There are 2 protein chains.
Amino acid sequence: MNKKNRTLQKPTKERIFDESLDLFSKKGYEAVSVREIAREVGIRESSIYNHYKNKEAILDAIIDYFKIELATSGTPQEDNEALIDQGPEVFFEVGAKTYIDRINTPKMEKIWRLVSIETYHNEKIKRFFKKELLEEPIRGWEEIFNLMIEKNLIKPVNPRTLAYEYFSFVIYLFFEYFILEYDEDFESFMDLALEKMTNHTEFLLQAIKV
Amino acid sequence: MNKKNRTLQKPTKERIFDESLDLFSKKGYEAVSVREIAREVGIRESSIYNHYKNKEAILDAIIDYFKIELATSGTPQEDNEALIDQGPEVFFEVGAKTYIDRINTPKMEKIWRLVSIETYHNEKIKRFFKKELLEEPIRGWEEIFNLMIEKNLIKPVNPRTLAYEYFSFVIYLFFEYFILEYDEDFESFMDLALEKMTNHTEFLLQAIKV
DNA sequence: TAAATATACGAACGAACGTTAGTTTTATAT
DNA sequence: ATATAAAACTAACGTTCGTTCGTATATTTA
């Protein structure tokens with residue numbers, strides 16, 4: 001019976017990962033105890049240490065998973081050039097879709113929330129956030145706007161300014177959701193967020209179209 | 001000698017307040033122990049309880065101070081009407097100045113950082129942030145843009161959209177500073193932030209001017 | 001089937017936490 | 001000078017924390 005059950009359910013290590021993520025994303029890393037994780041998994045706290053070196057190793061595993069998922073979900077660089085020729089409208093649409101795809105699984109949504117929380121407390125996560133989720137996207141959008149200007153698709157406004165105009169709103173929406181409204185219904189929030197994003201890109205487009 | 005020194009320095013309660021704020025803003029509320037506060041003040045931890053009921057009461061006192069400071073620094077509603085007639089440029093300038101004034105003392109700067117951190121963990125602070133620092137300003141700016149449209153000073157774009165366009169950038173700058181770059185030099189950050197804000201309002205103005 | 005490995009357990013560790021109790025010192029008011 | 005009140009002290013409380021140890025029980029490998 002034990003053997004049969006064991007094969008039907010997820011491995012313990014994965015269950016520790018999932019339950020930890022669930023708790024961390026709700027309460028933050030420090031506020032969750034190893035005993036609490038063990039209780040949720042259904043084992044004793046000492047058994048946790050058969051699967052992870054210590055508590056921090058669980059957090060590290062989660063962040064590693066996050067980085068890998070992000071790396072495999074990004075739009076390939078080469079496609080950009082071809083997309084730009086179809087005009088800014090198409091690009092904004094694809095851009096929005098890319099960001100949504102990155103939070104589209106319950107697991108990733110929880111990690112986003114966790115990363116938002118721990119950015120305050122964890123230096124490693126903070127640096128990652130700043131570099132990969134803020135500076136790198138800004139740089140990418142600057143490049144895109146620069147290309148659009150070169151191709152005479154939009155007015156010659158400072159591309160860095162445009163990148164901030166576009167992307168600061170994305171950050172704002174993340175902030176609004178993951179920090180201020182996380183408890184609320186994801187579907188209805190997403191509907192509202194998409195509407196806000198549409199208004200934003202329409203306004204931006206109106207301002208820079210030739 | 002003791003008496004003389006005592007009268008020259010701040011009262012103990014105030015020193016507890018100041019040191020707590022200093023530590024809280026650096027490490028977050030939970031990460032700071034009562035012993036640590038006492039050590040910084042230069043008394044035993046039990047003496048803290050002669051001045052504050054418990055640890056949470058210190059945090060409450062800080063938040064109360066913040067609310068009072070914010071309430072007394074806001075621009076009076078009546079002035080808005082007169083300012084609007086001078087055109088959007090003036091209004092953006094005054095608006096930016098108002099926000100800067102609200103973080104212009106070292107004490108207030110620390111509390112902003114603390115509020116940013118604890119918004120994740122403290123339900124009271126979160127509700128305050130959402131209502132008073134996000135929804136209320138957005139509502140205010142919507143009203144302002146609405147008036148500008150009525151007075152034919154700007155194009156008739158949806159005023160709510162304009163409010164988000166303007167204010168999401170302010171939130172973004174707060175986020176960038178208080179969460180991601182807090183350690184860095186305030187002066188140099190503020191110079192850069194002001195430049196970004198100027199670019200932002202210039203872009204916005206260009207897009208909506210009649 | 002026997003040996004080896006993986007995984008679970010109960011019990012305990014040392015340290016840190018917020019807080020309280022009782023007592024002594026210091027400052028103020030009569 | 002003496003009584004009162006404020007504010008400091010020492011010591012300890014009961015909990016919780018992350019982690020380790022030795023051991024028992026499954027599961028896998030030889």
Side-chain angles (χ1 to χ4, degrees), chain A residues 1-24 26-63 114 117-118 121-125, chain B residues 1-24 26-63 114 117-118 121-125:
Chain A
M1 188 196 82
N2 264 338
K3 188 183 178 183
K4 197 177 182 185
N5 277 349
R6 195 63 54 86
T7 51
L8 283 178
Q9 69 180 321
K10 284 183 292 188
T12 305
K13 186 162 189 173
E14 199 176 327
R15 269 156 58 221
I16 295 170
F17 183 102
D18 290 345
E19 295 296 343
S20 297
L21 173 53
D22 200 60
L23 291 166
F24 289 165
K26 280 178 189 152
K27 315 162 110 191
Y29 173 75
E30 288 286 353
V32 176
S33 69
V34 176
R35 283 168 178 82
E36 198 175 358
I37 297 168
R39 198 185 315 129
E40 288 299 317
V41 175
I43 57 177
R44 297 284 155 177
E45 63 267 21
S46 53
S47 304
I48 300 266
Y49 293 85
N50 286 326
H51 302 274
Y52 290 94
K53 185 177 161 286
N54 52 27
K55 190 188 172 190
E56 200 185 354
I58 306 176
L59 179 61
D60 289 342
I62 292 172
I63 300 300
L114 172 59
I117 296 179
E118 293 309 318
H121 301 97
N122 186 306
E123 195 59 34
K124 267 188 296 182
I125 296 181
Chain B
M1 188 195 88
N2 264 336
K3 189 182 178 183
K4 197 175 183 187
N5 277 349
R6 193 63 53 88
T7 50
L8 283 177
Q9 70 181 322
K10 282 184 293 187
T12 305
K13 185 161 188 173
E14 198 176 327
R15 268 156 60 222
I16 295 170
F17 183 102
D18 290 345
E19 295 296 344
S20 298
L21 173 53
D22 199 60
L23 292 166
F24 289 165
K26 280 179 190 150
K27 315 163 102 188
Y29 173 75
E30 289 286 352
V32 175
S33 70
V34 175
R35 282 170 179 81
E36 200 176 357
I37 297 168
R39 197 185 316 129
E40 289 299 317
V41 174
I43 56 176
R44 298 285 157 179
E45 62 267 23
S46 52
S47 304
I48 300 266
Y49 293 87
N50 285 328
H51 302 276
Y52 290 95
K53 187 176 158 286
N54 51 28
K55 190 188 172 189
E56 201 185 352
I58 305 176
L59 179 61
D60 290 342
I62 292 172
I63 300 300
L114 172 59
I117 297 179
E118 292 310 318
H121 301 97
N122 186 307
E123 195 58 35
K124 267 188 295 183
I125 295 181

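All of these numbers come straight from a predicted model, not from anything done at the bench.
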Novice: Check whether B:Ser47 reaches the backbone of B:Ile43 with its side chain - one donor and one acceptor, N or O, closer than 3.5 Å.
Specialist: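 No: the side chain of B:Ser47 does not pair with the backbone of B:Ile43.
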Novice: Looking at C:dA8, I'd like to know if its phosphate oxygens (OP1 or OP2) sit under 4.0 Å from a side-chain N or O belonging to A:His51.
Specialist: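 So the side chain of A:His51 is within the cut-off, an N or O lying under 4.0 Å from OP1 or OP2 of C:dA8.
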Novice: Tell me whether the side-chain N or O atoms of A:Ser46 pair up with the base of C:dG10 as donor and acceptor below 3.5 Å, since no angle test is needed here.
Specialist: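 Under the 3.5 Å cut-off, the side chain and the base do form a donor-acceptor pair.
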Novice: Test the A:Lys55-A:Tyr49 pair against the cation-pi criterion, namely NZ or CZ under 6.0 angstrom from the six-membered ring centroid and within 45° of the ring axis.
Specialist: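 The answer is no; the distance or angle limit is not met.
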Novice: Side chain of B:Lys55 only, please: which of C:dA8, D:dT19, C:dT19 is the nearest?
Specialist: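 Within the option list, the nearest is C:dT19.
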Novice: Measure from the side-chain N and O atoms of B:Arg35 to the backbone N and O of B:Glu45, and report whether any donor-acceptor pair falls under 3.5 Å.
Specialist: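 No; judged by distance alone, with no hydrogens or angles, the pair does not exist.
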Novice: Regarding A:Arg44, tell me which of base, sugar-phosphate or nothing describes its non-hydrogen contacts under 4.0 Å with the strands shown.
Specialist: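 Contact class for A:Arg44: sugar-phosphate only.
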Novice: Give the rounded distance in Å between these two atoms: CD of B:Glu56 and C1' of C:dT19.
Specialist: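 Result: 14 Å.
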Novice: Would you find a donor on one side and an acceptor on the other, under 3.5 Å apart, between the side chain of A:Tyr29 and the backbone of A:Glu56?
Specialist: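 Confirmed, A:Tyr29 side chain pairs with A:Glu56 backbone.
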Novice: Specify the separation, in whole Å, of atom CD of A:Glu30 and atom P of C:dA16.
Specialist: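 Nearest whole value for this atom pair: 14 Å.
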Novice: I want to verify a distance call: between D:dT19, C:dC9, D:dC9, whose nearest atom is closest to the A:Ile43 side chain?
Specialist: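 Looking only at side-chain atoms, A:Ile43 lies closest to C:dC9.
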Novice: Is A:Ser33 touching bases, backbone alone, or none of the nucleic acid, heavy atoms closer than 4.0 Å?
Specialist: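 Result for A:Ser33 = sugar-phosphate.
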Novice: Answer with base, sugar-phosphate or nothing: what part of the nucleic acid does A:Val41 contact at a heavy-atom distance below 4.0 Å?
Specialist: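 Counting heavy atoms under 4.0 Å across all strands, no contact is made by A:Val41.
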Novice: Which whole-number value in Å describes the distance from A:Glu45 CD to C:dC9 P?
Specialist: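 Rounded to whole Å, this separation is 10 Å.
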Novice: Does the side chain of A:Ser47 get closer than 4.0 angstrom to OP1 or OP2 of C:dC9 through an N or O atom?
Specialist: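 So the side chain of A:Ser47 is within the cut-off, an N or O lying under 4.0 Å from OP1 or OP2 of C:dC9.
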Novice: Please test A:Lys27 against A:Glu36 for salt bridge (charged side-chain N to carboxylate O under 4.0 Å, His left out), starting from the C-alpha separation and ending with a verdict.
Specialist: CA-CA 12 Å; A:Lys27 315 162 110 191; A:Glu36 198 175 358; 2.5 Å; yes
Novice: Rounded off to whole Å, could you give me the CZ-to-P distance for the B:Arg39 and C:dA16 pair?
Specialist: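 After rounding, the gap between these two atoms is 10 Å.
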Novice: To the nearest Å, how far apart are A:Asn54 CG and D:dC17 P?
Specialist: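 Taking CG of A:Asn54 and P of D:dC17, I get 16 Å after rounding.
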Novice: Hey, is the side chain of B:Asn50 pairing donor to acceptor with the base of D:dA8 inside 3.5 Å?
Specialist: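 Checked by distance alone, the answer is yes.
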Novice: How many Å lie between OH on B:Tyr52 and C1' on D:dA6, as a whole number?
Specialist: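 Between C1' of D:dA6 and OH of B:Tyr52: 16 Å.
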Novice: Between D:dA8 atom P and B:Lys13 atom NZ, what is the distance in whole Å?
Specialist: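 It is 12 Å, rounded to the nearest whole Å.
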Novice: Could you state the atom-to-atom distance from CD1 of A:Ile48 to C1' of D:dT19 in whole Å?
Specialist: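 The answer, rounded to whole Å, is 12 Å.
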